[in-house]
Asks: 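One structure coming up, written as structure tokens, with questions to follow.
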Amino acid sequence: MDSALIPQGVKRCPTWQFLLWLGIVGVVLLWGVYAMVLCWIKGLNQTNMNDAYGFALWIWADLAVIALGGGAFFTGFLRYLVGKDELKNIINYAVLIGFICYSSALLLLAIDVGQPLRSWHIFWHANIHSMLTEVAFCLSCYFMVLTIEYVPLILENRQLDKIPFFHHLGHNMHEIMAIFAATGAFLSFFHQGSLGGVAGVLFGRPFAYREGFLVWPWTFFLFTWSAAACGPCFTLLVTKITETITKKKLVKPNVVDLLGKISGWMLGTYIVAKIIDTWYWALVTVPSKGFTLTDFYSNNALYGIWILVMEILICGVAPAIILIIGPLRRNSALFMTAIILAVIGVCINRWVMVLQVMAMPVLTFENWVLYYPSWQEVATTVLPVVYGIILIMISYRYLPVFPQEQELNPVEK
Amino acid sequence: MKEDPNHIKARKFGMIIDLDKCTGCGACMVACMSENNVPFKEDESNKLDSITWMRVYKVTNGKPYPDMEICYIPRPCMHCEGSHGHSPCVSVCPATATDYDQATGIVSQIYTRCFGCRYCMAACPYHARYFNWWDPVWPTGMEQYLSPNVSPRMRGVVEKCTFCFHRYQLAKDRAFYEGRKTIEEGDYQTACTQACPAGAITFGDLNNPHHKVNQLVEPDPKHNGRPKNPNAFRLLERLGTNPKVYYLTSREWVKRAGDNYLKNED
Amino acid sequence: MSLGIGVAAGTTLSPLPWKVTDDLSIWTQRWPWTPVPEDGETSHVNSVCTLCPGGCGISVRKINDRAVKIEGMTDSQINDGGICILGLSGLQLLYGPTRIRSPLKRMGKRGSGKWEPISWEQAISTVVQKLDELRSQERPHAVACISGQKNGTVAELLKRFLTTYGSPNFMHVPSIQDSYELTLSMMNGVQAMAGIDVENAGYVLSFSSGTLEGWGSPVRMFKANSKLRDNKGKMVQIESRLSNTAAKADKWIPINPGTEADLALGLAYVIVQEALYSRKFVENYSAGFNQFKAFVINGYSPNKVANNTGVDSSIIIALARDFAKAANPLAICGRGQGDTPGPLAEFVAVHALNALVGNINQKGGIWSLPEPNYIRWPAAEPDETAKQGLREKRIDGAGNGAYSHTRSLLNRFPEALNSQKGDAIKVLLVSAANPLYTLPDTKSIKKAIDKIPFVISFSSYMDETARYSDLLLPNHTYLERFEDVVQPAGFHQPYIGLSKPVVKPLYLTRHTGDVVIAMARALKGNISRAFPWKSYDECLKQTLGAKLNSLMAKGYWIDEKYTPPTWAKAFKKTSKKFEFTLTPFKQPTRVLPKGDASTFPLLLIPYDSVRLANDRIGDPPFMIKTVEDTVLKGKDVFVEVNPKTAEELKLAEGKTAVLTTPTGKANVKIHLFDGIRPGIIAMPKGLGHNAYDKFLAEKGINVNDLISPVEDATSGLDAAWGIRAMLSKL
Ligand SMILES: Nc1nc2c(c(=O)[nH]1)N[C@H]1C(S)=C(S)[C@@H](COP(=O)(O)OP(=O)(O)OC[C@H]3O[C@@H](n4cnc5c(=O)[nH]c(N)nc54)[C@H](O)[C@@H]3O)O[C@H]1N2
Ligand SMILES: Nc1nc2c(c(=O)[nH]1)N[C@H]1C(S)=C(S)[C@@H](COP(=O)(O)OP(=O)(O)OC[C@H]3O[C@@H](n4cnc5c(=O)[nH]c(N)nc54)[C@H](O)[C@@H]3O)O[C@H]1N2
Ligand code: SF4
Ligand code: SF4
Ligand code: SF4
Ligand code: SF4
Ligand code: SF4
Ligand SMILES: [Mo]
């Protein structure tokens with residue numbers, strides 16, 4: 001039925017099957033949209049956020065999704081600026097995932113603010129001291145860059161490519177893609193960093209606060225670094241999942257291995273930096289505010305020291321070792337474990353930097369507050385996930401996302 | 001009114017609450033609510049979504065019967081100065097919807113500019129900021145008592161104690177009409193100060209040595225306004241928020257409850 | 001396709017998106033459902049707050065015709081600019097949804113909330129018809145009146161109405177004033193009110209008086225407490241619970257509830273034994289000291305008293321010495337003016353302490369104040385039917401037999417009605433009172449009211465009693481009417497305040513004074529003749545006479561030069577001296593709470609927080625907002641339990657438990673509190689309303705559902721300190 005749209009030389013599932021899955025995922029999408037509309041019409045009282053928990057579940061999702069979307073900028077950086085040419089075979093997918101992550105992040109932000117219709121005040125009345133201003137500017141610019149990076153891929157659709165204008169447009173865009181990739185990488189370095197800065201500058205919240213370099217707290221650099229390390233892992237993870245579902249090899253092992261190795265080194269160096277940061281924070285920063293490290297991990301039902309061990313050792317050091325050491329990396333089970341752990345690790349980091357910050361009392365006469373999201377929050381947080389799945393389904397079906405697919409999966413005529 | 005900048009040093013309005021006198025009666029809370037058109041809803045027992053610009057905390061020394069002691073700590077916005085006006089909340093607001101006024105030291109809140117990102121709430125360690133999770137609704141007829149001096153806030157924005165800034169403006173207007181160049185200590189007093197039946201609250205210009213607030217705590221300009229009076233303290237002094245609300249107490253445990261200390265510190 | 005792109009690009013580059021964005025932003029700032037208060041001319045009206053017996057001066061800020069803020073009046077002698085949480089919330093009462101907006105006639109069953117608005121003419125003629133009927137049956141004494149006010153013109157009009165109509169059954173809501181009055185009459189020999197010169201006291205010894213909980217004139221007491229601090233005076237609180245007052249005191253002495261008299265006598269023992277008393281006063285101006293001395297020496301040694309009160313004998317001795325040696329020591333007692341005026345023994349014992357240190361009618365001491373005498377109407381002349389009715393015994397037994405000294409015993413009213421067959425009371429008038437909520441043992445008061453065929457309430461608000469009445473004749477609120485306010489509770493100088501209309505009446509309400517006058521006029525004859533005034537305002541004007549001008553200008557009249565009579569002239573007993581009476585001690589000094597200790601091992605005491613308007617009025621939303629979440633959470637009320645007691649009962653913080661007393665049963669939540677004696681549990685007053693609005697109703701439990709009154713053998717007044725109780729897991 002839709003065969004005319006499907007790229008040549010590849011095999012796709014029957015239309016009915018595609019539509020059936022689209023329908024199933026679509027129902028979840030509608031649930032999410034319903035929750036989103038509720039939040040817009042009735043306001044944020046639809047959530048379980050409160051005055052202690054001004055940032056909650058979906059802000060965590062927002063941060064996590066941006067970190068995971070980091071695969072796009074970093075892969076772009078490696079391919080266009082460092083010149084790792086093999087990565088061209090995964091860059092499309094990285095860009096697509098990045099696009100999904102960033103559009104989701106923007107959507108979540110639009111639901112999150114109490115007065116969405118005034119969101120533009122952030123540009124109009126911008127406060128240059130605010131990390132969030134930096135985030136907003138870079139995020140919006142970078143999203144435009146990602147769109148520009150994604151458009152040529154769309155234009156490669158069989159039918160669109162037939163239109164000369166689009167054909168030339170796509171071609172010309174490819175030519176200058178390096179410039180955009182460079183811009184994107186630059187913007188990304190900054191907004192990933194400023195997202196880290198969001199928590200790090202909170203000098204009223206000793207759990208989040210970090211000293212730093214000039215106006216940037218250490219979390220600024222750590223966030224960029226961790227996104228660069230774990231974002232590609234997420235790209236790889238999604239690729240692996242796609243391969244499993246489509247029952248096809250889509251990217252050659254050498255590409256995967258290269259990206260895995262680079263991630264490993266990034267993660268390894270990141271985790272060393274993170275350990276030094278934590279060490280200094282625990283021994284110098286925290287006591288200077290009158291706290292001890294254990295204050296942050298006791299007297300409550302959820303946040304124990306386990307979360308620190310989990311984030312740094314299990315989801316940081318362990319995957320870094322696996323990914324760095326060749327033989328371990330090439331063991332496919334270990335490789336999968338490592339990229340999953342890395343992804344979990346960065347999510348825990350973002351969780352801690354948003355939710356634990358809120359949960360932790362600062363005044364001596366206040367208590368820990370734990371928080372449970374409402375269904376509307378959960379639905380709205382699930383929304384980007386299903387939206388992503390749908391966009392991947394459509395893109396994969398109609399666009400030549402994986403340049404090596406044809407070669408790896410010859411279709412007999 | 002325009003004041004001659006050579007004549008008048010920037011003011012730094014501040015508040016001193018005598019915890020030995022404060023009885024925890026809550027009049028300051030309600031004085032603030034009724035002065036500032038603070039809304040209410042059917043159930044206000046969840047203190048995590050109940051708007052109280054002034055909140056009176058009940059603090060105990062944690063000892064068992066009969067050695068238990070109670071102290072009440074009223075907490076308005078501290079109007080933190082941080083260093084050079086970089087209060088925790090002001091520096092983070094992306095839309096400049098909250099601002100540090102260098103002329104008065106007051107941390108303002110611009111409801112119509114705020115777009116409700118709540119970053120400032122995350123930044124404030126005192127939980128002095130409140131979000132309008134709901135539309136403010138007054139039962140039919142009750143909107144008649146709303147004061148035109150303070151606009152009711154709409155759903156989706158953050159609000160907090162303003163040191164009754166509108167009273168400062170009214171005081172300046174009055175002084176102008178009366179042909180005076182400056183406003184006197186008594187001209188500008190906050191609603192909570194005025195109401196407190198125990199007379200526990202003192203309000204005035206910390207920079208003015210003739211004002212009671214200055215005399216009571218003797219802020220040390222060399223140390224970010226840290227009080228020289230040994231019975232005075234500020235909440236979370238060591239975070240560097242540099243608040244303009246001071247507390248007086250004769251009880252050591254109360255002073256200690258005002259900040260975090262390591263076990264071996266005295 | 002390219003057209004589409006062109007349009008999109010064109011639109012994006014045109015000013016349109018900016019305009020739309022801007023408009024949307026502006027729209028969010030002017031959401032039509034967010035009110036915009038109208039601006040206008042600012043003015044201030046000075047008046048007096050009557051929401052509690054405090055009598056504070058208030059200054060109400062207005063914008064055009066709207067009242068927008070209530071503040072304390074700065075030149076008030078009582079509150080000097082200060083104001084309490086309730087006074088601040090007054091506009092929520094004025095403009096609130098619980099106002100009764102016109103006379104209402106009950107339609108459905110009692111309490112069903114079905115009403116028909118009627119005109120004032122219809123309303124008054126309905127009442128008058130009933131009243132005429134009763135008189136024609138020679139039963140004028142079957143009318144009773146419960147008044148929240150005891151004096152002032154409105155209370156006097158009601159009394160006068162009952163007198164000329166022919167009923168002796170005027171009852172006021174009892175208060176500690178009654179106990180103080182009885183004490184002054186027994187010991188000073190005068191019919192007077194107690195004035196307490198706290199401002200000049202140097203050492204305040206309080207027997208459970210919540211001076212920071214709202215005792216006396218609340219704002220004045222707060223101010224006095226701060227003054228005491230400034231003057232480096234001392235404050236000692238004797239109380240079973242670490243109340244706010246206890247928390248602010250220099251010393252908190254936990255005591256077994258109800259044993260205050262014993263402790264006072266124990267202190268007297270030490271003072272007498274060590275001869276620390278004022279010889280000048282005791283030797284020259286008192287009688288009966290020797291019996292008193294023998295009495296305390298015999299029965300109240302610190303060791304004995306320690307047993308009973310739970311206060312260490314060493315503390316008793318030290319306390320007595322401190323008290324007697326302090327400059328201007330003052331002992332006070334009684335939990336406010338409430339339903340528990342308290343055991344007379346306690347008042348007499350504490351007054352004796354004051355006498356021992358010689359601070360009767362002295363600076364910083366207890367003064368006797370003449371009752372206000374500005375209401376000087378010509379005596380009413382009851383006709384024959386009325387005289388007949390007035391000869392009948394009062395339904396509550398006051399002024400008669402055992403209780404011949406007591407003027408009114410509202411606490412005995414429900415029991416009296418319930419123990420009689422038939423309908424002894426046919427018509428009940430309720431003014432400025434809400435007995436269905438505020439009297440202990442709500443079940444029994446409801447049963448009593450069920451026996452009264454016709455209940456009329458004058459309340460301005462739909463309170464519990466109004467909801468359960470047959471006819472509502474709503475008064476203007478205190479911000480809409482003139483009224484004299486007599487003598488703030490415990491103030492030591494003669495004082496009258498004047499409430500003034502701050503705004504024009506919002507609804508079809510009518511001043512209770514006007515309604516009484518109209519009823520009297522319609523009843524004709526002698527009754528009508530006793531009410532010669534055209535309106536209440538005219539009556540008030542005539543009554544206040546020369547004081548009116550100063551009252552209109554300043555809002556209050558005060559006799560600042562008043563000093564109490566000197567010792568030589570003060571005492572009007574036959575001995576012309578102060579008498580150390582032993583009368584109330586002939587009974588057991590301790591009034592035991594209802595219930596037996598084996599079934600009910602705990603003692604439940606009601607406590608009061610100044611953040612909960614407990615009686616005069618239902619809490620406005622602002623006040624409920626300040627209630628801590630360890631007192632009320634959602635609809636659940638917490639009882640305070642000592643952690644030790646809770647451990648024995650296996651109850652944990654926040655858990656629901658069943659609280660049972662001989663009077664009732666309720667589900668409550670547990671709050672562990674180290675500020676309460678093991679074995680005692682405490683519950684806040686002022687919650688558990690079932691009338692009013694959604695901001696107040698159905699939150700928590702009315703403690704009166706769980707407690708019962710216990711009569712003091714000497715006064716007949718309610719002297720119960722709580723009730724025995726049991727807590728069990730749900
Ligand atoms: N804001 C506001 N102020 C008010 C009022 C109001 O409605 N709102 N109402 C006014 C009125 S009418 C009154 S009567 C007063 C009441 O004000 P208070 O006189 O303060 O009365 P309570 O607080 O009920 O009683 C004082 C204390 O007695 C303790 N107590 C209970 N049982 C015992 C016992 O057996 N022994 C001892 N030693 N202590 C015991 C309780 O812990 C309580 O803290 O407040 C007045 N002030
Ligand atoms: N549950 C509970 N019971 C209590 C107490 C408690 O705290 N809680 N406290 C005890 C004490 S201390 C006291 S003094 C008594 C008080 O007992 P009451 O005097 O019976 O109680 P209030 O609620 O003060 O009754 C006053 C009622 O009069 C109405 N009202 C208010 N202002 C006016 C007015 O100006 N004119 C007229 N006509 N009506 C008016 C209001 O509707 C209010 O409900 O209750 C005692 N019982
Ligand atoms: S009004 Fe005064 S005494 Fe009452 S809680 Fe506030 S500061 Fe304390
Ligand atoms: S107390 Fe909080 S809201 Fe107020 S100035 Fe300080 S940080 Fe800002
Ligand atoms: S919530 Fe409003 S005031 Fe706070 S940071 Fe965001 S825009 Fe600024
Ligand atoms: S200063 Fe004004 S705004 Fe701040 S708490 Fe007091 S009354 Fe409220
Ligand atoms: S203390 Fe009583 S009289 Fe004074 S303001 Fe409060 S309620 Fe009114
Ligand atoms: Mo009372």
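Every chain is numbered from 1 and lettered A, B, ... according to where its sequence line falls, protein lines coming before strand lines.
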Asks: So which part of B/C120 gets closer than 4.5 Å to some heavy atom of chain A, the side chain, the backbone, both or neither?
Replies: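 For B/C120, neither part sits under 4.5 Å from chain A.
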
Asks: Just so I understand: if I count every heavy-atom pair under 4.5 Å between each of B/R113, B/R129, B/K47, B/H127 and chain A, which residue has the most?
Replies: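 With the most close heavy-atom pairs to chain A, the winner is B/R113.
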
Asks: Could you check whether atom OH of A/Y34 has more than 12 heavy atoms from other residues, nucleotides or ligands sitting under 6.0 Å from it?
Replies: no

Asks: Please look at A/S288 and chain B and tell me whether the side chain, the backbone, both or neither of the residue comes under 4.5 angstrom of a heavy atom of that chain.
Replies: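 For A/S288, backbone heavy atoms alone lie under 4.5 Å from chain B.
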
Asks: Side chains of B/L236 and A/L363: closer than 4.5 Å at any heavy-atom pair?
Replies: yes

Asks: Please look at A/P206 and chain B and tell me whether the side chain, the backbone, both or neither of the residue comes under 4.5 angstrom of a heavy atom of that chain.
Replies: side chain

Asks: A/R205 side chain to B/A122 main-chain N or O, any donor-acceptor pair under 3.5 Å?
Replies: yes

Asks: Kindly say whether B/F131 contributes a backbone atom to a donor-acceptor pair with the side chain of A/D51 at under 3.5 angstrom?
Replies: yes

Asks: Give, as side chain, backbone, both or neither, the part of B/Y57 having an atom under 4.5 angstrom from any heavy atom of chain A.
Replies: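 Contact with chain A involves the side chain of B/Y57 alone.
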
Asks: Do A/Y209 and B/L239 come close enough that some side-chain heavy atom pair is under 4.5 Å?
Replies: no

Asks: Checking A/V357 against chain B: side chain, backbone, both or neither under 4.5 Å from a heavy atom?
Replies: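 Contact with chain B: none, neither part.
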
Asks: Give the member of B/G116, B/A97, B/P94 that has the highest number of heavy-atom pairs under 4.5 Å with chain A.
Replies: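 Greatest number of close heavy-atom pairs with chain A: B/P94.
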
Asks: If you round to the nearest 0.5 Å, how far is CG of B/D49 from CG of A/L44?
Replies: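 Answer rounded to 0.5 Å: 12.5 Å.
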
Asks: Please rank B/A123, B/C89, B/S87, B/C93 by heavy-atom pairs under 4.5 Å with chain A and give me the top one.
Replies: B/C93

Asks: Quick check against the 3.5 Å criterion: does A/H129 have a side-chain atom that pairs as donor or acceptor with the backbone of B/S91?
Replies: no

Asks: Is atom CH2 of A/W124 surrounded by more than 12 heavy atoms (other residues, nucleotides or ligands) closer than 6.0 Å?
Replies: no

Asks: Heavy-atom pairs under 4.5 Å with chain B: which of A/K42, A/Q46, A/E134 has the most?
Replies: A/K42

Asks: Are the side chain of B/R118 and the backbone N or O of A/D112 linked by a donor-acceptor pair below 3.5 Å?
Replies: yes

Asks: Decide yes or no on side chain to side chain contact (heavy atoms under 4.5 Å, CB included) for A/Q115 and B/V157, but give the supporting numbers first.
Replies: CA-CA 7 Å; A/Q115 290 277 1; B/V157 304; 3.8 Å; yes

Asks: Rounded to the nearest 0.5 Å, what's the gap from CD1 on B/I110 to NE2 on A/H121? Could you check?
Replies: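 Rounded to the nearest 0.5 Å, the CD1-NE2 separation comes to 11.0 Å.
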
Asks: SG of B/C71 to CZ of A/F365: how many Å apart, nearest 0.5 Å?
Replies: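 Answer for the SG-CZ pair, B/C71 versus A/F365, is 9.5 Å.
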
Asks: Judged by atom type as modelled, is there a donor-acceptor pair below 3.5 Å linking the side chain of A/R118 to the main-chain atoms of B/C114?
Replies: yes

Asks: Do A/T364 and B/D259 have side-chain heavy atoms sitting under 4.5 Å apart?
Replies: no

Asks: Search all heavy atoms of B/L48 against all heavy atoms of A/A52 and return the closest pair with its distance.
Replies: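 So the two residues come closest at CD2-CB, 3.8 Å.
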
Asks: Taking atom NZ of B/K63 as the centre, does the number of heavy atoms from other residues, nucleotides or ligands within less than 6.0 Å exceed 12?
Replies: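 No.
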
Asks: If we ignore hydrogens and angles and just use 3.5 Å, is the side chain of B/Y119 paired with the main-chain N or O of A/V198 as donor and acceptor?
Replies: yes

Asks: For B/V90, is it the side chain, the backbone, both or neither that has a heavy atom under 4.5 Å from a heavy atom of chain A?
Replies: backbone

Asks: Side chain from CB out, backbone as N, CA, C, O: work out which of these in A/L132 comes under 4.5 Å of a heavy atom of chain B, or both, or neither.
Replies: both

Asks: Is there a donor-acceptor contact under 3.5 Å from the side chain of B/N260 to the main chain of A/V362?
Replies: yes

